[in-house]
Amino acid sequence: VTKDVYEEFLRITGFEDEIPAYLPEWKKASAKLGLTPEDVSYATEERIPEHFDTSLRGVRKALCSTIKETIDLTKASDYKKQGIKIVNGILPAISVFYYALKMTAPDKVYVAFPDIFLTQVLNGLFHKLNPYLEEAERTGIPYGCRHCALNKTRYAARRMNIIPSPDISWIWGFICDEGPKTDELINCHHDPDWKTYITRIPHDQPLGTVEDENISRIEYLASQMKDGFEYVQKEIGIKVTEEKIAEVQSNWRRYTAKVAELNRLMVSEPIPLGGLDGRIFTDVLNAPYNTGFEPMEEALDIIITEVKQRVAEKKGAFPEGTPKLMSMTISLAMPWVTKIFEENGVALLFRETGVASPKQLTPLSFQDPYMAAAEAWLRYTTHVNPGYRAELIIEKTKTLDMDGIVFGFFDFDRWIGSDHRLLAKMVEKRTNIPVFYLEGDAFDDRDYSPEALRTRIESICEIIKMKCGRN
Amino acid sequence: MMTIVDEVVQLSRTYPEQLRNKKTEGLKLVGYTGRYVPEELIHASGAVPYLLCRGGEAEPLDAVLPYMLRFMSPFARAQIGYHLLGMDPVLPMLDLIIAQCDDCHMSRLADLFEYFELPTHRIGVPADWKKTIARDYYYKGIIELKEKLETITGNTITDERLRKSVTSLNKVRELLTKISLLRKIHPPALGGYDFIRLTHCSFTIEPDEMVTHLEKIYGQLREEASSSHKKSPRILLAGHVVGIGDYVVLKLIEDVGGVIVGEALDEGMRHHLWQVPTEGDIIDQLVETYYLTRTPPSIFQPAWKERAAYLKQLTDELNIDGVIWYQLTFEEIYDMESSFVAKVMAEKKIPFLKLESSYEYAREAMGPLTTRVESFIESLKTRGGK
């Protein structure tokens, strides 16, 4: 390794004139994460160029924002020593409350969802998550039970002192059981200082219930959110006003509208942008960035301009007429999945949850920030019963004129992933859209390697192309 | 030779036929899926309860795969798998299934009941049980369930009827406790294989009739000193559930020389140690006992420290030589908890064995399982167990 690979890495990830300022920090951060110069070189020369269109400044700036957040995450222990309050969460939660904390007291609080961040960066850019997964499997979350890589990563990150004990880990178990119980495991099994507050709701709605119109459900959810957020504020001694929550919600909606605009542009002919390139702009909505919302929004503005330019010039990332698929995930941790589809002449274009349904883009019914947050939450497909979820998925595929849907890749998730087979049947019954199910894991590719999945993906692509008359 | 427990088990095997007769007589049949559905309410409504708790066979699990992720609990899958195979005589007869939604596995089971158009009523059980709002949510669910039962049966569940039903089941619980505690003495009068089957029978034999059987069994066991388990290491069986019919592992443990003298299982057991008080508001008492008083299940949070303390207490009270943790494959919460329990037991110097079952008991699967259990029991004997 003759060149300064770290500097090259920052160049390809859009640091531009900030390279001198960030270079020492990036070297320190990557060492803490267990990344060697060879890992950084691999990311710079192979992984990133193979999977992302870094000729686009918007893509580079989005990667830049992600790396800045990664560097920041490695400083969390230092922040804690300085007296800054550490507030953690996990996916899925409404990031709004965490952003509201940060905006209220930017110098006094650090917010992060370390699991999703570490998983996507380490596996997505460096293919180096395995040491974390193996550490977790050796010490308390066994391999054979098909546990979630996100939970393993968080557990291992604490064991390996990558992240400190938070002042409070506010965990939303609205969907998953294992996430909150991982906190209990950390506390019981490894770190008695790991403090948790959980916020939960049972999955007890009959199939087809329109949950965001069920007032008693919204009220219960809102009361749970309020209870949790008040606990967090009390615990760290920071008071957030309802106006501040409303301000963040407004920012969040603005950003969502911009993502929807990008999505609409992406279905132009020829398709101007790949699924992975579009995908990197959406995580900032789902997981709070301690470094702020703004750098990613700036990157999003840039990419929208660049994509508009491509559309105007009829310049495509794929040939005209390429079939378009919506998937339950566009995995950043396993970018090769999207790539195999693309190599076979099919664009795996959207992550289903990254696409707003028409209802999600309509104004909310409530002024109260907690009621509004609860209503917004219940408009999300992954948060509701499969009957309603199927309805929403069908709406989205129609809105974006998709040629097919790929379910699967959540085999580790006993909620989000456990109804995919049922959903596939429900959606197929009600539409003419081809529906596929691929067993896999969106974060951990040790069991579902490219070699294992390539043949099945190729078959799907052949079927889709035949159905679209593209063979 | 048929034991006194075998005789009761034999009686309970006629339950599907009894249900069919009761249905013909015009009684409503109500199925339910777990420990948070108070059986007392079903009895008080005049309906006939049926606990969906089958287990122990692999084939029904495969029948669910076109509709559900394969990494789901075999226990949850079994409750509809038999029906999908056309091998469940009871499910199609049920007028109502009360589906306990306490975790992802059981909630997905409720989805499948509805997808296959079985009459389903869900009851949400919040896992954050220490919060007042969570307790109130469960309370509201119990009130809605009461109303639902009244609607389908046409009977009003009066406090008097409910109290009578509670009293009746309290008697069953009391006798099960007495029988269970006979196992404090070594050698125990009966092992876990018999005791668990007996508790299963208590779900399928009417309470008053069950009381008669249990009194007889208790009387006989108290009089007869057991000679069959004198040198058997004393085992505590902990974990999730032993389904009705899932007896291979229990029998194996006792066949190779161990004896199960205590159970700490979340489902499939009548939690007989906890009586429901009959004074005061009877619905409140049900809610308090079912939701708050009993040892929390693994899915509740926080729960594991309390559960571990309970296990430690049992190991002391029952003079336990070893703990066997019995979980089903892909039950992610029990799998994680087992790591913690293993650590706690190691600190207490109690040998611990984790067994996992996918209800696959073919000969090729039984070999390694038998070897593990045999080795564990032998090691307990060598260590100086009974």
Side-chain angles (χ1 to χ4, degrees), chain A residues 139-142 144-148 151 155 171 173 175-178 180-185 187-190 196-208 216 220 223-224 226-228 231 385-387 408 410-422 424-426 437 439, chain B residues 64-73 99-108 110-115 120-128 131-134 136-138 140-141 298-299 301-305 308 327 329-340 342-344 354 356:
Chain A
T139 58
I141 308 185
C145 192
R146 187 59 61 195
H147 289 285
C148 172
N151 293 324
Y155 177 67
I171 297 298
I175 293 182
C176 114
D177 298 329
E178 190 180 298
K181 295 304 279 192
T182 300
D183 277 71
E184 193 161 3
L185 181 71
N187 174 271
C188 291
H189 200 54
H190 175 67
T196 305
Y197 195 78
I198 61 159
T199 297
R200 303 210 57 173
I201 191 168
H203 302 297
D204 56 1
Q205 298 299 293
L207 288 190
S216 64
Y220 184 71
S223 67
Q224 279 279 9
K226 189 171 184 178
D227 167 76
Y231 185 91
N385 67 84
F410 279 91
D411 75 349
F412 57 90
D413 193 309
R414 271 70 172 187
W415 190 248
I416 290 180
S418 59
D419 65 348
H420 281 201
R421 286 184 182 275
L422 191 60
K425 287 188 184 301
M426 289 172 163
Y437 178 84
E439 187 178 288
Chain B
V64 187
L65 291 182
Y67 311 96
M68 200 189 247
L69 181 70
R70 74 183 166 102
F71 301 112
M72 298 297 277
S73 158
Q100 167 178 306
C101 296
D102 59 335
D103 68 11
C104 293
H105 303 274
M106 298 309 279
S107 301
R108 283 293 179 228
D111 287 340
L112 288 193
F113 286 149
E114 289 181 2
Y115 182 73
T120 306
H121 176 90
R122 301 187 190 220
I123 179 160
V125 185
D128 45 351
K131 295 182 193 169
T132 306
I133 48 173
D136 292 348
Y137 190 94
Y138 177 68
K140 191 168 158 245
S298 186
I299 189 67
Q301 193 165 346
W304 289 351
K305 283 182 182 168
Q327 67 179 51
T329 45
F330 308 128
E331 290 188 332
E332 78 285 21
I333 305 305
Y334 289 94
D335 195 52
M336 291 202 300
E337 188 187 14
S338 72
S339 297
F340 174 54
K343 180 182 161 190
V344 169
K354 175 179 164 184
E356 196 173 72

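- Looking at B:Ala308, neither its backbone nor its side chain comes within 4.5 Å of chain A, counting heavy atoms on both sides.
- Judged by distance alone, the side chain of A:Glu178 and the main-chain N or O of A:Cys148 form a donor-acceptor pair under 3.5 Å.
- Interface remark: A:Tyr231 contributes no atoms to any contact with chain B (heavy atom separation under 4.5 Å).
- Across B:Glu332, B:His105, B:Lys305, B:Met68, the residue that shares the most heavy-atom pairs under 4.5 angstrom with chain A is B:Glu332.
- Counting heavy-atom pairs under 4.5 Å between each of B:Ser73, B:Ala99, B:Gly124 and chain A puts B:Gly124 at the top.
- Side-chain contact annotation: B:Asp128 with B:Gln301, donor-acceptor N/O pair under 3.5 Å absent.
- Between B:Phe71 and B:Phe330, the ring planes lie perpendicular to each other; the angle is over 60°, past the 30° to 60° tilted range.
- The candidate with the highest count of non-hydrogen atom pairs below 4.5 Å against chain B, out of A:Glu184, A:Arg200, A:His147, is A:Glu184.
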For this session: Give the intermediate values and the outcome of salt bridge (charged side-chain N to carboxylate O under 4.0 Å, His left out) for residues A:Arg146 and A:Asp411.
Result: CA-CA 8 Å; A:Arg146 187 59 61 195; A:Asp411 75 349; 3.6 Å; yes

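- Using a 4.5 Å cut-off between heavy atoms, B:Met336 contacts chain A through both its backbone and its side chain.
- Of the listed residues (B:Ile123, B:Val344, B:Asp103, B:Ile299), the greatest number of heavy-atom pairs within a distance under 4.5 Å of chain A belongs to B:Ile299.
- Every residue two or more places apart in sequence or in another chain that forms a side chain to side chain donor-acceptor pair (under 3.5 Å) with B:Glu337 is listed here: B:Ser298, B:Arg307.
- Note on A:Pro386, A:Ser223, A:Gly208, A:Ala424: by heavy-atom pairs under 4.5 Å with chain B, the leading option is A:Pro386.
- Contacts of B:Glu331 with chain A are made by backbone atoms alone, with heavy-atom separations under 4.5 Å and no side-chain atom involved.
- Each of B:Thr120, B:Leu69, B:Leu65, B:Thr329 has some count of heavy-atom pairs under 4.5 Å with chain A, and the biggest count is that of B:Leu69.
- For chain B, the nearby part of A:Asp413 is the backbone; its heavy atoms alone come within less than 4.5 Å.
- Using a 30° and 60° split on the angle between ring planes, A:His203 and A:Trp415 fall in the parallel class, below 30°.
- For a residue to count as touching a neighbouring chain, one of its non-hydrogen atoms must lie under 4.5 Å from one of that chain's; by this rule B:Leu112 touches chain A with the side chain only.
- Taking the centre of each ring, A:Phe412 and A:Phe410 come in below the 6.0 Å mark.
- Side-chain contact between A:Arg414 and A:Asp177 is absent, with no heavy-atom pair separated by less than 4.5 Å.
- Scored by the ring pair (Phe, Tyr, Trp, His ring centres under 6.0 Å) test, B:Phe340 finds no partners at all (sequence neighbours excluded).
- Residue A:Glu439 touches chain B through its side chain alone, counting heavy-atom pairs closer than 4.5 Å.
- Neither the backbone nor the side chain of B:Ala342 comes within contact range of chain A; no heavy atoms are under 4.5 Å apart.
- No side-chain donor from either of A:Asp419 and B:Tyr67 sits under 3.5 Å from a side-chain acceptor of the other.
- Using a 4.5 Å cut-off between heavy atoms, A:Thr139 does not touch chain B at all.
- Contact annotation for A:His420: neither backbone nor side-chain heavy atoms come within less than 4.5 Å of a heavy atom of chain B.
- Between chain B and the options A:Thr182, A:Ile198, A:Leu185, the largest number of non-hydrogen pairs under 4.5 Å is found for A:Ile198.
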Exercise. side-chain hydrogen bond (donor to acceptor under 3.5 Å, both in side chains) between A:Asp204 and B:Tyr137: does it pass, once the steps are laid out?
Worked result: CA-CA 11 Å; A:Asp204 56 1; B:Tyr137 190 94; 2.5 Å; yes

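- Here B:Pro302 is the residue among B:Ser338, B:Ala110, B:Pro302 with the most heavy-atom pairs under 4.5 Å with chain A.
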